[in-house]
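Not measured: the values here are computed from a predicted model. Heavy atoms only: backbone and side chains are in, while hydrogens, waters and symmetry mates are out.
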Amino acid sequence: MSPRTLTGWRKSSHSHFEENACVEIGGGPGVVGVRDTKQAVPRPVLVYSAAAFAAFLRHLTAGR
């Protein structure tokens with residue numbers, strides 16, 4: 001899947017615009033894209049399967 005087909009980009013709630021430190025995620029059928037808004041356009045996008053991204057989020061929130 002091309003990063004150009006990902007939609008619904010949204011910023012992390014932990015992003016800080018004054019320090020230009022923003023991470024965004026977007027989605028497509030069965031995939032999640034992650035990009036850093038500090039990068040020049042066109043921004044590189046890391047694309048993960050939705051299952052892999054869900055496992056990553058479970059790992060981050062485990063024990064809360």
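Cluster membership for L46 and L6, using ILVMFWY side-chain heavy atoms within less than 4.5 angstrom, is not shared. In the hydrophobic clustering of this structure, L57 does not group with V31; members are Ile, Leu, Val, Met, Phe, Trp, Tyr whose side-chain heavy atoms approach within less than 4.5 Å, directly or through other members. Following chains of ILVMFWY side-chain contacts shorter than 4.5 Å, one cannot reach F56 starting from V47, and the two form parts of different hydrophobic clusters.
Residues W9 and E24 come closest through the heavy atom pair CZ3-O, 3.7 Å.
When atom types are taken as modelled, the side chain of T37 and the backbone of C22 share a donor-acceptor pair closer than 3.5 angstrom.
Using a 4.5 Å cut-off on side-chain heavy atoms (C-beta onward), V34 and V45 make no contact.
Listed by chain and number, the residues in a side chain to side chain contact (heavy atoms under 4.5 Å, CB included) with R10 are I25 (sequence neighbours excluded).
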